[in-house]
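A short worksheet on the structure shown next.
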Amino acid sequence: MQELIECKNISKTYGKKPALKNVSFSLPLRGVFALIGRNGAGKTTLIKILSTLLEPTSGTAEIGKINIVKNPAEIRKSIAVLSQEAKAVNWLTPRQQIFIYLLYRGMGINEAKMKTEEVIKTFKIGKNADIVNSRLSGGIKRKVLIAMVISTGSKILFLDEPTIGLDPIAREELWYILRRLKKTHFIFLTTHYLNEAEALADNIGIFDEGRLVQIGTLQELRKNINYQYSIYVQESRISLKSLKRYGKVVKGIDNKLQLLVDQKNADLLSKRFIQQKIRFSINPISLEDIFYYFTKKQILEESYE
Amino acid sequence: MSNIFSKIYASVLVTAVYAMKNYPTMVISSLLTPFSLLIFVILISKGALLDIAIIGAILSTMISSGIVLQIDLSHLKNDFKMQDMIVSSPTSAFIYIFGMSISELVYNLPTFAILISLAVFFVHIPLVPILTIILVMCMSFAFSTSLGFLISTFSSDMMQSWTFSGILTILLTTISPIYYPITYIPLPFRYVAYLSPTTYAAEIAQNALGSLKLPLSTLIINWIVLIALSAIILVIAIKKNRWREK
Ligand SMILES: Nc1ncnc2c1ncn2[C@@H]1O[C@H](COP(=O)(O)OP(=O)(O)O)[C@@H](O)[C@H]1O
Ligand SMILES: [Mg+2]
């Protein structure tokens with residue numbers, strides 16, 4: 001039987017301020033689940049609750065049938081968490097940092113030493129492994145923390161915005177590692193980079209103001225919206241009004257308009273633009289488009305309103 | 001219960017061994033406070049308070065451990081979010097704190113080595129008082145580290161932590177007569193000293209040294225206060241700490 005992570009009506013209020021509103025979902029404990037949402041949407045709060053750092057105000061969750069509220073100690077044996085604001089401890093070196101964390105995880109000294117060396121190799125941090133963290137760049141320190149969490153061997157990983165501060169190449173390297181891991185692990189990650197979610201995720205959740213507004217594979221999310229194509233036009237001759245009847249206009253800055261359309265209107269519009277010699281580009285809908293659609297955030301300049 | 005030793009060792013490495021290895025000057029700074037006060041008291045008293053001051057310096061180092069612990073824990077918790085990573089690991093609050101407390105002792109090993117050598121040279125008392133003094137020191141250590149932990153779980157940034165540490169320092173080491181007998185404090189102010197739990201510990205130690213003659217009833221009261229306070233703080237620290245946030 002497939003093991004699950006199941007969230008049941010989780011709500012959280014800080015004082016009077018609601019941060020999570022009735023979050024429920026159920027996912028297999030396998031692959032990557034990417035949670036996307038704007039700042040303050042509640043992603044970190046959900047990760048903190050699921051990783052037993054924070055108690056929910058109401059509701060509960062089970063990870064592989066173990067209840068996170070009643071039995072946190074049991075969950076902690078099988079998870080590892082990278083907190084969003086975690087930083088490498090200033091006065092330690094990367095090698096020391098990874099080693100002590102593995103000791104805290106309950107590994108014996110020899111095993112911890114071995115795993116430390118192993119992960120230093122995998123993440124190519126050998127060159128910096130013995131320099132105190134305070135002298136290393138932000139990106140390297142972030143990498144050390146990710147390496148540290150992965151080196152635990154935990155099959156369930158919570159990574160809260162893991163790639164913030166990584167350069168594009170380091171990010172790709174991490175994706176490569178995560179893609180390999182996801183065959184045998186469950187990785188719950190939050191991100192602002194929609195291409196990261198597209199590159200890695202088996203399932204994607206969209207969070208908006210404490211609510212899980214969508215969850216599913218990219219294909220499933222695509223199906224849940226009525227538009228299949230995204231069209232960009234940059235043209236001062238076109239008015240917003242004349243486009244509105246074809247689909248949904250989501251962006252409009254500097255005469256550059258983006259609208260989402262279905263198959264039929266995509267054909268119609270393409271023909272019209274070609275006839276009028278208007279330059280345009282057309283693409284299948286991306287995660288970014290889906291994200292804007294479901295979080296109801298439109299970027300429109302006033303002149304277009 | 002996987003590998004308690006590893007977890008304690010980890011704490012000792014983080015705040016004591018690695019810190020001193022990577023920044024050797026820390027060893028010198030760890031010696032500064034106890035010795036500057038010790039030398040000061042010995043000079044002012046022209047050597048008369050030598051034994052009290054040596055024992056006082058050890059006691060004060062034990063008590064300061066709790067204050068430093070509070071700062072170290074807040075630092076790791078608030079600035080590096082390391083405590084988060086540990087809360088979500090198979091390490092319990094108790095093991096983490098126990099390890100961190102031990103690490104404060106390890107950090108002070110150079111201090112203890114010198115002070116204990118001095119004590120062996122200059123303080124000559126029989127076995128029972130020695131054991132009494134050791135017991136008092138252990139109690140004070142347990143008390144101050146529980147208090148330090150409890151407070152650290154409530155601090156959300158370093159400014160708060162430094163404020164707490166200032167208050168604790170005054171309460172635990174400034175108003176209590178650790179390096180000299182309480183009779184040196186003029187009377188109305190002496191009562192202020194009794195607000196500090198450390199005073200009771202210092203009195204018991206000084207009584208054991210023979211430099212203070214407490215009536216048996218006072219001695220018993222002192223023990224009761226010390227044990228009761230330690231137990232209360234320990235229970236509160238276990239029950240009310242914000243290890244897992246609410
Ligand atoms: N400790 C806290 N106390 C009060 N409010 C908080 C706390 N942590 C988060 N919040 C609030 O809860 C909401 C969700 O925050 P968070 O989970 O950090 O969002 P995200 O990770 O998606 O950016 C925000 O409005 C934030 O201000
Ligand atoms: Mg966040």
Side-chain angles (χ1 to χ4, degrees), chain A residues 12 14 45 47-57 68-69 72-93 95-97 99-112 130-135 141 145 148-149 152 154 156 158 160, chain B residues 1-27 29 71-100 102-103 107 153 156-158 242-246:
Chain A
K12 177 75 196 174
Y14 290 109
T45 304
I47 281 209
K48 278 188 170 175
I49 289 174
L50 292 176
S51 60
T52 77
L53 286 171
L54 182 70
E55 289 182 20
T57 310
I68 57 145
V69 180
E74 204 49 39
I75 303 263
R76 288 170 188 163
K77 290 180 194 158
S78 49
I79 64 172
V81 188
L82 175 64
S83 301
Q84 181 178 357
E85 287 166 355
K87 298 210 166 58
V89 177
N90 263 343
W91 63 85
L92 301 181
T93 67
R95 183 174 265 119
Q96 293 167 342
Q97 168 99 42
F99 179 59
I100 61 109
Y101 184 63
L102 293 178
L103 292 178
Y104 276 125
R105 299 290 310 189
M107 278 184 200
I109 291 174
N110 288 331
E111 191 188 357
D130 295 311
I131 301 173
V132 283
N133 288 325
S134 61
R135 297 203 196 112
K141 285 190 271 195
L145 290 178
M148 175 180 105
V149 169
T152 61
S154 300
I156 300 171
F158 291 94
D160 198 353
Chain B
M1 214 201 65
S2 61
N3 232 329
I4 288 179
F5 172 77
S6 286
K7 296 168 184 176
I8 293 170
Y9 183 49
S11 292
V12 172
L13 288 178
V14 177
T15 43
V17 178
Y18 286 158
M20 288 177 162
K21 191 173 160 199
N22 300 348
Y23 296 89
T25 48
M26 284 182 81
V27 180
S29 79
I71 292 176
D72 282 346
L73 289 178
S74 303
H75 203 186
L76 289 170
K77 169 179 165 233
N78 299 320
D79 294 347
F80 306 112
K81 298 285 170 206
M82 195 173 96
Q83 193 166 309
D84 275 4
M85 319 262 304
I86 289 165
V87 173
S88 59
S89 295
T91 292
S92 66
F94 182 77
I95 294 295
Y96 178 60
I97 302 316
F98 183 76
M100 282 292 172
I102 301 290
S103 88
Y107 176 77
T153 66
S156 53
D157 59 56
M158 283 319 283
R242 293 205 204 149
W243 183 249
R244 184 188 199 181
E245 287 173 68
K246 287 235 156 63

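Here is the naming used below: chain letters follow the sequence lines, and residue numbers restart at 1 for every chain. As a basis for the values below, the full set of heavy atoms in this structure was taken, side chains included, without hydrogen atoms, waters or symmetry mates.
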- Message: Under 4.5 Å from any heavy atom of chain B, what part of A/Pro56 do you find: side chain, backbone, both or neither?
- Response: neither
- side chain to side chain contact (heavy atoms under 4.5 Å, CB included) partners for B/Ala19, two or more places apart: A/Trp91, B/Met26
- Task: Would you mind telling me which of A/Gly108, A/Ala112, A/Ala73, A/Ser154 has the largest number of heavy-atom pairs within less than 4.5 Å of chain B?
- Result: A/Gly108
- Would you say the side-chain atoms of A/Asn133 pair up with the backbone N or O of A/Val89, donor to acceptor, closer than 3.5 Å? yes
- Which residues satisfy the salt bridge (Lys or Arg N to Asp or Glu O under 4.0 Å) test with B/Asp157, sequence neighbours excluded? none
- Task: Would you check if the side chain of B/Ser88 reaches a backbone N or O of B/Asp84 as a donor-acceptor pair within less than 3.5 Å?
- Result: yes
- So, the side chain of A/Thr152 versus the backbone of A/Met148: is there a donor-acceptor pair under 3.5 Å, distance only? no
- Using distance alone, with no hydrogens and no angle criterion, decide if A/Tyr104 and B/Ser6 have a side-chain donor and acceptor under 3.5 Å apart. no
- Message: Can you tell me which of A/Gln84, A/Glu55, A/Gln96, A/Glu85 forms the most heavy-atom pairs within a distance under 4.5 Å of chain B?
- Response: A/Gln96
- Interchain contact, B/Met85 with chain A, by part (heavy-atom threshold 4.5 Å): both
- So what's closer than 4.5 Å to chain A heavy atoms on B/Ile95: side chain, backbone, both or neither? neither
- Query: With chain A, which of B/Tyr96, B/Tyr23, B/Tyr9, B/Trp243 has the greatest number of heavy-atom pairs at distances under 4.5 Å?
  - Reply: B/Tyr23
- Item | Contact winner vs chain A - B/Leu13, B/Val14, B/Ile8, heavy-atom pairs under 4.5 Å | B/Val14
- Most heavy-atom pairs under 4.5 Å with chain B, out of A/Val81, A/Leu145, A/Ile100, A/Leu53, belong to A/Leu53
- Query: With only heavy atoms counted, which part of A/Phe158 is less than 4.5 Å from chain B, the side chain, the backbone, both or neither?
  - Reply: neither
- Task: Check each atom of A/Tyr101 against the heavy atoms of chain B and say whether the ones under 4.5 Å are side chain, backbone, both or neither.
- Result: side chain
- When you measure from the side chain of A/Arg76 to the backbone N and O of B/Val87, does any donor-acceptor pair fall under 3.5 Å? yes
- Between A/Ile75, A/Val69, A/Thr57, which residue shows the highest count of heavy-atom pairs closer than 4.5 Å to chain B? A/Val69
- Check whether any side-chain N or O of A/Arg105 sits under 3.5 Å from a backbone N or O of B/Pro90 as a donor-acceptor pair, and report yes or no. no
- Query: At a heavy-atom separation under 4.5 Å, does B/Ser11 approach chain A through its side chain, its backbone, both, or neither?
  - Reply: both
